[in-house]
> 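Please see the structure below; I have some questions.
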Amino acid sequence: MYQDISMVFSGAAGQGVQTITGALLHVLKKYGCNVFSCSEYMSRIRGGSNSTEIRITEKKRDAYVRRIDMLFALSHNVVEHLKDRISSKTLIFAEKEKFGDQWGDSCIDTPLTKFAVEAGSAGFSNIVAAGVVLGMFGIPLELFTAYLQVKFAAKGEEIATKNCIAAKLGYSFGRDTAATANISLQISIPAAMPERVLMDGSTALGIGAVAAGCNFISSYPMSPGTGLLTFLANRTKEYGIVVDQAEDEIAAINAGLGASYAGARAIVTTSGGGFDLMQEGVSLAGMIETPIVIHIGQRPGPATGLPTRTEQGDLNLALHAGHGDFARVIFSPGTLAEIIDTTQQAFNLAQRYQIPVFILTDQYLLESVSTIEAASVKRRTVETFLVKTTETYQRYAFTDDGLSPRGVPGYGDGLVRVDSDEHDENGLITESFDIRRRMVEKRLNRIRSLMETACMPTFIGSVDQAETLVISWGSNRWVLEEALDVLGNRAFGGIHFSQVFPLNPVINSLFENKRLFVMENNATGQFADLLSFETGRRISRKILKATGEPFTVEEVVDALHQSDHE
Amino acid sequence: MYQDISMVFSGAAGQGVQTITGALLHVLKKYGCNVFSCSEYMSRIRGGSNSTEIRITEKKRDAYVRRIDMLFALSHNVVEHLKDRISSKTLIFAEKEKFGDQWGDSCIDTPLTKFAVEAGSAGFSNIVAAGVVLGMFGIPLELFTAYLQVKFAAKGEEIATKNCIAAKLGYSFGRDTAATANISLQISIPAAMPERVLMDGSTALGIGAVAAGCNFISSYPMSPGTGLLTFLANRTKEYGIVVDQAEDEIAAINAGLGASYAGARAIVTTSGGGFDLMQEGVSLAGMIETPIVIHIGQRPGPATGLPTRTEQGDLNLALHAGHGDFARVIFSPGTLAEIIDTTQQAFNLAQRYQIPVFILTDQYLLESVSTIEAASVKRRTVETFLVKTTETYQRYAFTDDGLSPRGVPGYGDGLVRVDSDEHDENGLITESFDIRRRMVEKRLNRIRSLMETACMPTFIGSVDQAETLVISWGSNRWVLEEALDVLGNRAFGGIHFSQVFPLNPVINSLFENKRLFVMENNATGQFADLLSFETGRRISRKILKATGEPFTVEEVVDALHQSDHE
Amino acid sequence: MHYISQIMNKTVTPFDMPDGIDVAWCPGCGNHMLLKAVKSALHELGIDRKNLVMVSGIGQAAKSPQYIKANMFNGLHGRSLPAALGIKLANRNLVVVVESGDGDMYGEGGNHFLHAIRRNIDITVIVHDNMVYGLTKGQASPTSQRGMTTPLQENGVMLEPFNPLAVALALNAPFVARAYAGDVERTKEIVKQAIAFKGFSIVDVFQPCVVFNKVNTYQWFKERTVYLPENHNVRDRTGAFGLAIQQDKLLLGVFYRNEQRERYEDQMGIGTIPLYQSNPLDEEAFQKLVNNYL
Amino acid sequence: MHYISQIMNKTVTPFDMPDGIDVAWCPGCGNHMLLKAVKSALHELGIDRKNLVMVSGIGQAAKSPQYIKANMFNGLHGRSLPAALGIKLANRNLVVVVESGDGDMYGEGGNHFLHAIRRNIDITVIVHDNMVYGLTKGQASPTSQRGMTTPLQENGVMLEPFNPLAVALALNAPFVARAYAGDVERTKEIVKQAIAFKGFSIVDVFQPCVVFNKVNTYQWFKERTVYLPENHNVRDRTGAFGLAIQQDKLLLGVFYRNEQRERYEDQMGIGTIPLYQSNPLDEEAFQKLVNNYL
Ligand SMILES: Cc1ncc(C[n+]2csc(CCOP(=O)(O)OP(=O)(O)O)c2C)c(N)n1
Ligand SMILES: Cc1ncc(C[n+]2csc(CCOP(=O)(O)OP(=O)(O)O)c2C)c(N)n1
Ligand code: SF4
Ligand code: SF4
Ligand SMILES: [Mg+2]
Ligand SMILES: [Mg+2]
C-alpha cells in the first residue's frame with residue numbers, strides 16, 4: 001500500500017525509458033494524481049546506465065527522493081548503478097529470462113519482451129512496462145489507450161492498435177501482480193481537480209519566453225541550455241521567432257545584442273562553459289545599454305565537468321561576468337510557475353533598464369517534469385519602452401534616472417549610435433574624464449531602483465515563529481518545502497529566492513534574530529556568501545552538495561535533523 | 001626654487017614626448033635624483049593630446065601629482081587639455097612663434113624649433129627641450145651628451161654630434177632662463193648613491209617573468225597588457241623563450257595550457273576584455289590542475305571602454321573567472337620590487353599548487369617609470385615540482401594534501417593524461433559521484449595552505465598607533481604612502497596588499513579596533529567588499545575613482561583630511 | 001589624382017559628420033580615402049542614412065562608422081559580423097554595412113567570417129586591409145607579409161598570410177572583390193556593386209598604413225596592383241581561386257559573383273515587418289500555448 | 001570487409017586500452033572503425049606511445065584519445081588546436097595528433113583551424129566528420145548538408161556546408177587529405193602519410209553517425225565516394241581546389257602536398273631540448289638582465 005510512491009525506470013541510453021515515463025506521467029496526471037519525474041543520465045547516446053524517477057503523491061511533491069519503492073530494470077547493470085538507493089523494501093521488476101535471477105527475492109519477473117512480441121514486436125516492451133504500472137495501480141486502461149491512439153495516430157491504425165494490445169497485456173499482468181503481491185496505491189483523487197498542465201522546466205522556460213514576446217534567439221548547443229533553443233526553433237513560424245544556431249557562444253551573444261539594438265527581444269541560452277565565452281558580450285551589453293536576457297542552465301564544472309548532471313555553481317560567475325561595472329539582475333526560479341513568470345519579468349526588466357538579465361536554472365530543474373494548474377499560468381504585459389526618434393535624438397542622453405529613451409534604427413528621424421568605447425550622449429567616442437565619470441554613474445545608478453523593486457522571496461512554513469530559516473534558491477524550492485514538511489518542526493521555516501540579485505533590502509528585517517542556514521547545490525556556498533555579504537548576517541550553516549546529483553529530500557531532512565540536535 | 005618638482009610634457013601623439021622624457025629620466029637618475037614619470041594618452045596614433053609627468057624629488061616619490069610646476073607645451077591644445085591642473089604658479093614653456101601669446105605671462109617663450117634648426121633639423125626640438133630642463137637645473141651637460149652618444153651611436157657620428165649641438169643650445173637657453181626667472185632645483189644628492197635601475201612596470205614584469213623561468217607566452221595584443229608580450233618577444237633567443245602571437249585570447253590561454261601540460265612555464269597577458277574570453281581556459285586550468293600565470297593589465301571598462309587609460313576594475317572578474325570551483329591566487333603588486341617579486345612567486349605557486357595564478361596590474365603601474373636599487377632586485381629559486389613518471393603513474397592520484405605529483409609527457413615511463421571532463425585518478429572520464437566528490441575536494445583543499453602562506457601586506461607609517469587604516473592594493477602603493485606622509489597625521493596608517501587573494505587570516509588581528517578606509521581605482525570598491533567579506537569587518541569609507549585617471553596625491557590627501565574632520 | 005587633393009576636395013554627402021569632429025586617423029593614412037569612397041558610394045546609391053547601419057569592431061579601421069552620419073553599432077573587437085547578422089535578421093529593411101580591419105575581421109573575428117559567409121545574409125563587409133594591427137601599434141596581422149618585422153615580430157612574420165579572397169571563395173561567398181584605397185574612384189565603384197549585391201558581399205581593400213607598415217606602402221601597391229580584365233569570368237569559382245592566390249600581380253576588382261545562392265533571411269522566411277513591430281501574444285494565443293500541455 | 005568483423009577482429013596494438021574500458025560510442029558508429037585505423041597507423045609507424053600526445057576537444061569524436069593508450073590532453077570544446085600548438089612548441093620531440101569532431105574543429109574551433117594552418121606546425125589533425133553534432137544530440141554541424149532536418153533545424157539546414165578541404169587549400173595547408181571511416185585499410189594508409197608528413201597535416205574523415213545522421217549513411221558514402229586517381233597531381237593547389245569543391249563524386253585521398261612551406265617551429269629556431277629541461281637564469285645572468293636598466 002503506497003501513499004507516496006517513488007518508481008524508478010532504469011536502463012541504457014537509447015532504450016526508451018522516456019517512452020515509458022512520458023506515457024505514465026501523462027496518464028497518471030489525467031487520472032488526477034500528483035506526478036513528478038526527474039532524470040539522471042550519462043553523457044553518451046547509447047549504452048551506460050540512466051534512470052528516471054516518477055513520484056505519485058497525494059500532496060503535490062515535486063522533489064527528488066532517494067528512496068526507490070519500485071525499480072524497473074531494463075538492463076543488466078541497473079542495480080549496480082542504483083545500489084545506494086535500493087533497500088530491502090525496493091521491489092524490482094525485471095525480466096528474469098533476460099537478466100537471470102541476480103536480483104533475488106525482491107525481484108518480480110516481468111516478461112516485458114514476451115508480451116511485446118505477443119503484441120507484434122519486441123519494440124513494444126516499453127508500452128508493456130507502462131501498462132504493468134497502470135494495471136498495478138488500477139488506473140483505467142482507457143486513459144492509456146486514448147493516449148496511445150493520439151500518440152500513434154500519425155503512424156497508422158495498425159501501429160496504434162498493436163500498441164494498445166501491448167498496453168493491455170502489461171495492464172493485466174500488472175493487475176494480477178498487484179493482487180498477488182498485495183500492491184495498491186492509496187491516493188485520494190479530488191472529485192473536481194482543476195485543469196493542470198504537465199511539462200518540464202525547459203518547456204516552462206520556452207513558454208515564458210514566448211509569452212514575454214521573445215522574438216530572437218541565437219545560441220550554440222550546450223546541455224542543459226539546449227532545450228530552450230530547441231523549443232523556440234520548433235515554433236519559429238507559429239510565433240514569429242527568429243532562431244539562429246550560432247557558430248560559437250561569442251557569436252550568439254553578439255548576434256543577440258545586434259538584434260536587440262535593432263529592436264528584437266533577444267535571449268541567449270547556454271551553460272557555464274559557453275557562458276564564459278559570452279562574458280565580453282555581457283560587458284558590451286552593459287556598455288551600450290542594450291537589453292539581453294541570458295539563460296544559464298547550470299551543470300557541474302569546472303571545464304567540461306559532468307555535462308549531463310546538475311549543479312548550482314554559476315551564481316558568482318553571473319554576478320561578476322564581464323569586465324567593468326554596470327547593473328544586472330539575476331533570477332533563479334524553482335517551480336514551473338516561477339520559471340514562466342520570472343522569464344517574462346526578465347525580458348521586461350532588460351528592456352526597462354537596458355541591461356543584461358540572467359535566468360539561472362540547472363539540469364535538474366530543466367529536465368524535471370511536473371504539473372501546474374493551467375489557470376495559475378499567468379501572462380505579463382509585454383513592455384517595450386521604445387521611442388520613435390526625432391532628428392535630435394541622442395542615444396545616451398543624460399536624464400534624472402540615468403535611463404536614456406531607447407530608439408532603434410529605422411524608427412523615427414533620428415540616428416541610433418551605440419559604441420563599446422566610452423562615449424558621449426551621442427554615442428561618439430570620448431576621452432573626456434568628466435563624461436566618463438557621468439557615464440559610469442549612469443550605468444550604475446539604476447541598481448538602486450532595481451533593488452527597491454526586486455522580487456521578495458517565498459516563505460515556506462512558519463517563518464515568523466521559526467528560530468532557524470533554511471534558505472534556498474533556484475531548483476531547491478520543492479525539496480526544501482518537502483523536507484520542512486517531513487521534518488514537521490516549527491523551529492524551522494523556509495525562504496526561497498527566485499531572484500538572487502539584487503536583493504530587496506526589505507529582506508534584512510526577515511532575518512532579525514534568526515539562525516540562517518543556506519542549502520545549495522555547489523561546493524562553496526555561493527549564495528550563502530552573497531546573502532551574508534549583502535545583509536551583513538552570519539550564515540550558521542551551509543548545506544552543500546556538489547556531486548552532480550540534486551539534493552534528495554531525505555538528505556535535507558537528515559541535515560536539518562542533525563542541526564536540530566547540535 | 002623647487003624641492004619637489006612636477007614637470008609635464010604635453011603634445012600630440014607622434015610628437016615624441018617620450019624622446020624628451022626618456023632622456024631626462026635617464027640623465028636625472030644618473031645625476032642622482034629621485035625621478036618618476038607617468039603618462040596619459042589617447043587611443044590614437046597621431047594627433048590628440050597626451051602628456052607625461054616627470055617628478056624630481058628628494059625623497060623617493062613614485063606617485064602622480066595633480067600639480068604642474070612646469071608645463072612644456074608642444075602643441076596648441078595642451079592648455080585646454082590640462083586646464084584643471086594648471087595654476088597661477090605653473091610655468092609654461094612654449095614656442096610663442098608657433099602658438100602665439102595665448103598663454104599670457106606665465107609663459108616662457110622657448111624657441112625649440114629655432115635651436116633645433118640651428119643644430120641641423122627641426123627634428124631635434126625634443127632634444128633641445130630636454131636640454132632646456134637640464135640647463136635650468138644645472139645638471140652637468142656631459143651626462144646628457146654621454147647619453148646621446150650611446151643612444152645615437154648606431155646612427156653614425158654626424159647624427160650624434162648634431163644631437164649634442166641641439167642639447168647644448170637648449171642647455172644654454174635653460175641656464176639663462178633659470179638665472180632670469182630665478183629657477184633652481186634644491187635637491188641634495190647623497191654623496192654615495194646606491195646603484196639604481198630605471199624602468200617601467202612592464203619591464204619589471206618582464207624581468208620578473210624571465211627570472212621566474214618563464215619560457216612560454218602565447219598572447220594577443222591588448223593595451224596595456226601588450227608590454228609584457230613585447231618585452232619577451234624581443235628576448236626569445238637570449239632567454240630561450242617561445243613567443244607566439246595568438247589569433248585570439250582563447251587560443252592564447254589554451255596554447256599556454258598545452259605548453260604548461262608539456263612542461264613549459266607559461267604566462268598569458270591581456271586586459272579585461274581579452275581576459276573575458278580566457279575564462280573558459282581558466283576553468284580548464286582548474287580542472288586539469290595545470291599551472292598558468294595570467295597577467296591582467298587593467299583598464300577602464302565595460303567593453304572597449306577607455307583603452308589607454310587606467311582602472312582597477314578587474315578584481316572581481318579575476319576572483320570569479322571561469323565556471324566551477326577551484327583554487328587560485330591573485331597578486332597585485334604596487335612597486336617595481338613587488339612586480340618583480342610577485343611575478344616570480346606567481347610562477348612558483350602556479351607550479352606548486354597546479355593552479356591559475358593572476359597578476360593584476362594597470363595602465364598606470366605598467367607605464368610609470370621609476371627607480372629601484374639594483375641590489376634590492378631579488379631572484380627567487382625557480383621551483384618546478386615535476387616528477388619523472390613511472391609506468392604506474394596516475395596524473396590525478398589522490399594524496400593527503402590533494403596535490404598529485406605532476407609529470408609531463410615524454411619524461412619517464414608513464415603516460416600523462418589530462419581531461420576537462422570529470423575524471424578518475426588516471427584522467428579517464430568518470431561519472432562516479434563518489435570520485436566526483438573527492439575530486440571537487442581535491443581541487444579546493446589547497447586553498448587552506450594557500451591562505452596560510454599568503455603574503456602579508458605592507459605597513460605604511462604608524463599602523464599600530466593609527467585609529468584609521470587606509471588600505472590600498474596594486475598601483476596605489478606609492479600614492480598612499482605619499483599622501484599619508486604629506487598628511488602627517490599619526491591617526492592614519494596605511495596598509496598595502498600586493499596579494500589580494502587569498503588573504504592571510506592573520507590580517508584580521510591587524511584590524512582590531514581600527515576604522516578602515518579602502519582606496520581603489522574603480523567605481524564600486526571591489527577590494528573593499530572582498531576585504532569586508534573575508535574579515536567580517538565594516539569598511540567605513542571607500543575612496544574611489546573611476547574616471548580613467550589614477551589618483552593624485554592631492555586628492556587622497558584631501559579625502560583623508562576631510563574624513564579627519566568628519 | 002593626388003592624395004591630398006582627393007581628401008581635401010571632400011564631396012559633400014549626407015553622410016558627412018559635422019565639421020568639428022575629430023578624426024583620429026593619422027595624416028596620409030589610406031583610411032581617409034576609403035572613408036571618402038564609402039561615403040560617396042552610399043550617396044550615389046541613394047541610401048537613406050536613417051535606414052543605414054554601419055557596424056564595426058575595434059581598431060583604427062573600425063572607427064570608420066564614427067565618421068559616417070548614419071546609425072552605428074561600434075561593437076567589440078572581432079565581433080562585427082554576429083552583430084550585423086543580428087541587426088539584419090531583426091530588421092531586413094535596414095542596409096547593413098560592416099567596416100573593420102584585417103585583424104578584427106580575419107584574426108579575432110575569423111570564425112565569424114567563416115560562418116557569416118556560409119549563411120549568406122545580405123550585408124556588405126568592407127575590410128580595411130593594412131596588413132598590420134594599427135591601433136595596438138604595429139604588431140603583425142593575419143594578412144601581414146612573411147618576413148615583415150614589427151615590434152613583436154623582430155625576426156619577421158613567420159606565418160603564411162591569410163588570403164581573404166581565397167578563403168571566401170572556398171566558402172562559396174557569393175560576392176568577392178578586392179580594391180585599393182589609393183584609387184578612390186574605382187574603390188567607390190566596387191563598393192557600390194557590393195552594397196547593391198543582394199547577399200553577402202566582401203570587399204577586401206588594400207589600405208596603406210603610413211605609420212606601422214613600411215613594407216606595403218602606396219608605392220608598393222601601385223607597383224603590384226592591377227585590375228582584373230573587363231572580360232574576367234565572375235562565375236568561375238576555381239578560376240577566381242587561381243587568380244586570388246596568384247602572387248606576382250595583385251589583382252583588383254570583382255573576382256566572383258554567384259546570384260544563385262539563397263539568402264539566409266529568405267530561407268528563414270523573414271518578412272519585411274521588423275521585429276520591433278512584432279505583436280506579443282494575446283491572451284487567447286497564450287492560453288492555446290499553455291493548453292498544449294494539458 | 002564487413003563492418004562487424006572489422007571491429008571485432010581488433011588488431012592488438014600498444015595503443016589498446018585495458019579490455020574493461022567502457023567505450024561510450026554507439027554500436028555501429030563509424031568512430032569505432034576510425035579508432036582502429038588510427039591505432040593501426042600509429043602502430044605501423046612504430047610510434048612510441050610515451051612520446052605520443054593525443055589531443056582533442058569535446059564531442060563524441062573528441063573522446064577518441066580516451067581509448068588510445070598514450071599521453072592525452074582532452075581539452076575544451078573547439079580548443080584542441082591551440083593546446084596542440086602549445087604542446088608541440090614546448091616539446092617538439094613529441095608526436096602530436098589531434099582528433100576531434102566537425103563541430104569542434106570547424107564550428108567552435110574555426111578560428112584556430114585557420115590560424116593553425118597559417119603557422120604550419122608539425123601536427124596531424126584527424127577530423128571525425130559525421131556532419132552532425134553527435135554528443136549534443138543531433139543538431140546541424142558546419143558540414144551538415146543543406147536541407148537535412150534535425151531537432152533544431154526542423155525546416156532543414158540553410159547554411160552552405162563548410163568545405164574543410166577547400167578552406168585548408170585556401171590557407172595553403174601543406175597536407176590536405178580526405179578519408180572514409182568505412183574503409184579502415186585505406187584510411188589507415190592516409191593517416192600514416194599524414195602523421196609521417198613533416199608539417200601541418202589535415203585529414204577530414206567521413207564518419208557515419210548511425211543515430212543522428214540519417215542522410216549521410218554508410219550506403220550514401222559508399223555510393224558517392226571514390227579515390228583520387230593514382231596519377232593525381234598533389235602539387236597543383238588550384239587543381240586540388242577544383243576537386244575539393246566538386247559535388248557529383250566525393251573524392252578521397254591526398255589532395256595536396258607542399259613540402260616547401262617552412263615549419264613554424266623551425267622558423268622560431270626551436271631546438272630539441274624540451275622546455276621542461278630549460279635552465280633558469282643563474283645569478284650572473286639575472287644581474288646582467290637587471291643591469292641593462294642602470
Ligand atoms: C578582445 C580584444 N582583444 C584585443 C583588443 C585590442 N585591439 C584593439 S584593435 C586591435 C587590432 C586592430 O587591428 P586591425 O583590425 O587590423 O585594425 P587597424 O587598427 O589596423 O585598422 C587589437 C588587437 C581588444 N580591443 N579586444
Ligand atoms: C563551450 C562549449 N560549447 C558547447 C559545448 C557542448 N558541446 C559538446 S560537444 C558539442 C558538439 C560536438 O560535435 P562534433 O564536434 O561534431 O562531435 P561529434 O559529437 O559529432 O563527434 C557541443 C556543442 C561545450 N562542451 N562547450
Ligand atoms: S596607425 Fe596606420 S592605419 Fe592607423 S590611422 Fe595611422 S596610418 Fe592609418
Ligand atoms: S551519436 Fe553518432 S557519432 Fe556519436 S557515437 Fe553514436 S553513432 Fe557515433
Ligand atoms: Mg589592420
Ligand atoms: Mg560531429
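Just so it is clear, the values below take in all heavy atoms, side chains as well, and ignore hydrogens, waters and symmetry mates. Proteins come first, then strands; the chains are lettered A, B, ... in the order of their sequence lines, and each starts at number 1.
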> According to the salt bridge (Lys or Arg N to Asp or Glu O under 4.0 Å) rule, which pairs have a member within residues 232-244 of chain B, sequence neighbours left out?
B:D244-D:R119

> Side chain, backbone, both or neither: which part of B:T203 has a non-hydrogen atom closer than 4.5 Å to chain D?
side chain

> For the atom pair NZ (D:K39) and CG (D:D16), what is the distance rounded to the nearest 0.5 Å?
4.0 Å

> With respect to chain B, which residue among D:I21, D:N291, D:V290 yields the maximal number of heavy-atom pairs within a distance under 4.5 Å?
D:V290

> Is it the side chain or the backbone of B:Y411 that comes within 4.5 Å of chain D heavy atoms, both, or neither?
both

> State which residues pass ring pair (Phe, Tyr, Trp, His ring centres under 6.0 Å) with B:Y396; sequence neighbours excluded, sorted by chain then number.
B:H423

> Quick one: sort the D:F113 and D:F200 rings into parallel, tilted or perpendicular, breaks at 30° and 60°.
perpendicular

> Quick check on B:V418 against chain D: is it the side chain, the backbone, both or neither that has a heavy atom closer than 4.5 Å?
both

> Using a 3.5 Å distance criterion without hydrogens, assess whether the side chain of B:R265 forms a donor-acceptor pair with backbone atoms of B:A212.
yes

> Output the option from B:A251, B:C214, B:A266 having the highest count of non-hydrogen pairs under 4.5 Å with chain D.
B:A251

> Mind ranking B:D413, B:T236, B:I253, B:L257 by heavy-atom pairs under 4.5 Å with chain D and telling me who comes out on top?
B:D413

> Please state whether the side chain, the backbone, both or neither of B:V377 comes within less than 4.5 Å of a heavy atom of chain D.
both

> After noting the C-alpha distance and the side-chain angles of D:L135 and D:K63, does the key distance pass the side-chain contact (heavy atoms from CB on, under 4.5 Å) rule?
CA-CA 10 Å; D:L135 191 61; D:K63 286 179 183 158; 3.6 Å; yes

> Answer yes or no: is there an ion pair linking B:D341 with B:R380, defined by an N-O contact shorter than 4.0 Å?
yes

> What's the spacing between D:D122 CG and D:R263 CZ if we round to 0.5 Å?
5.5 Å

> Check the surroundings of atom CD1 in D:I273: do more than 12 heavy atoms from other residues, nucleotides or ligands lie under 6.0 Å from it?
no

> Just wondering, do B:I207 and D:Y293 contact through their side chains at under 4.5 Å, heavy atoms?
yes

> Taking side chain as everything from C-beta outward and backbone as N, CA, C, O, which of these in B:Q245 sits under 4.5 Å from a heavy atom of chain D? Side chain, backbone, both or neither.
backbone

> Using the ring of each side chain (for Trp, its six-membered ring), is D:W25 parallel, tilted or perpendicular to D:H32, with breaks at 30° and 60°?
perpendicular

> To the nearest 0.5 Å, tell me how far D:I58 CD1 sits from D:S56 OG.
6.5 Å

> Using a distance-only test with no angle check, is there a side-chain donor-acceptor pair under 3.5 angstrom linking D:D204 and D:Y106?
yes

> Determine, stepwise, if the pair D:Q267 / D:N120 fulfils side chain to side chain donor-acceptor pair (under 3.5 Å).
CA-CA 10 Å; D:Q267 295 184 73; D:N120 187 24; over 6 Å; no

> Under a 4.5 Å heavy-atom cut-off, does chain B meet the side chain of D:L52, its backbone, both or neither?
neither

> Quick one, B:E425 and B:R395 - any side-chain contact, counting heavy atoms below 4.5 Å?
no

> Out of B:A255, B:G206, B:A211, return the one with the most heavy atom pairs under 4.5 angstrom to chain D.
B:A255

> What distance separates D:N31 CG from D:C26 SG, expressed to the nearest 0.5 Å?
8.5 Å

> Is it the backbone or the side chain of D:V53 that comes under 4.5 Å from a heavy atom of chain B, or both, or neither?
side chain

> Do B:T269 side-chain atoms and B:L229 backbone N/O form a donor-acceptor pair below 3.5 Å?
no

> Please classify the contact between D:I121 and chain B as side chain, backbone, both or neither, with a heavy-atom cut-off of under 4.5 Å.
neither

> Given a strict heavy-atom distance threshold of 4.5 Å, which part of D:L94 is in contact with chain B: side chain, backbone, both, or neither?
side chain

> Hey, which residues of residues 73-93 of chain D are touching chain B, say heavy atoms under 4.5 Å apart?
D:F73, D:N74, D:G75, D:L76, D:R79, D:P82, D:A83, D:L85, D:G86, D:I87, D:L89, D:A90, D:N91

> Does B:K378 offer a backbone N or O that forms a donor-acceptor pair with the side chain of B:Q344 under 3.5 Å?
yes

> I need the residue from B:V242, B:T389, B:V243, B:V382 with the largest number of non-hydrogen atom pairs under 4.5 Å to chain D.
B:V242

> Counting heavy-atom pairs under 4.5 Å with chain D, which one of B:A264, B:G240, B:G213, B:S218 comes out on top?
B:A264

> Heavy-atom distance under 4.5 Å to chain B: side chain of D:L289, backbone, both or neither?
both

> When only heavy atoms count and the cut-off is under 4.5 Å, which of residues 284-294 of chain B reach chain D?
B:L284, B:I288

> Going by the angle between their ring planes, with limits at 30° and 60°, are B:H26 and B:Y147 parallel, tilted or perpendicular?
tilted

> Examine whether an atom of B:V408 lies under 4.5 Å from a heavy atom of chain D, and if so say whether it belongs to the side chain, the backbone or both; otherwise answer neither.
side chain

> Output the option from D:Q287, D:H112, D:M268 having the highest count of non-hydrogen pairs under 4.5 Å with chain B.
D:H112

> Please flag which part of B:R379 lies under 4.5 Å from any non-hydrogen atom of chain D: side chain, backbone, both or neither.
both

> Need one label for B:I429: side chain, backbone, both or neither, based on atoms under 4.5 Å from any heavy atom in chain D.
both

> When rounded to the nearest 0.5 angstrom, what is the spacing between CZ in D:F212 and OG in D:S141?
13.0 Å

> Could you tell me which portion of B:N426 (side chain, backbone, both or neither) has an atom closer than 4.5 angstrom to a non-hydrogen atom of chain D?
neither

> Report which part of D:E283 has an atom under 4.5 Å of a heavy atom belonging to chain B: side chain, backbone, both, or neither.
both

> Kindly compute the distance separating OG (B:S370) from CG (B:D62), expressed to the nearest 0.5 Å.
4.0 Å

> Which one wins on heavy-atom pair count under 4.5 Å against chain D: B:I340, B:D248, B:V416?
B:V416

> Flag the one option from D:G269, D:A70, D:A116 with the top tally of heavy-atom pairs under 4.5 Å to chain B.
D:A70

> Donor-acceptor pair, distance only, cut-off 3.5 Å: does the side chain of D:N172 make one with the backbone of D:R118?
no

> Go through the atoms of B:V210 and report whether side chain, backbone, both or neither lie under 4.5 Å from a heavy atom of chain D.
both

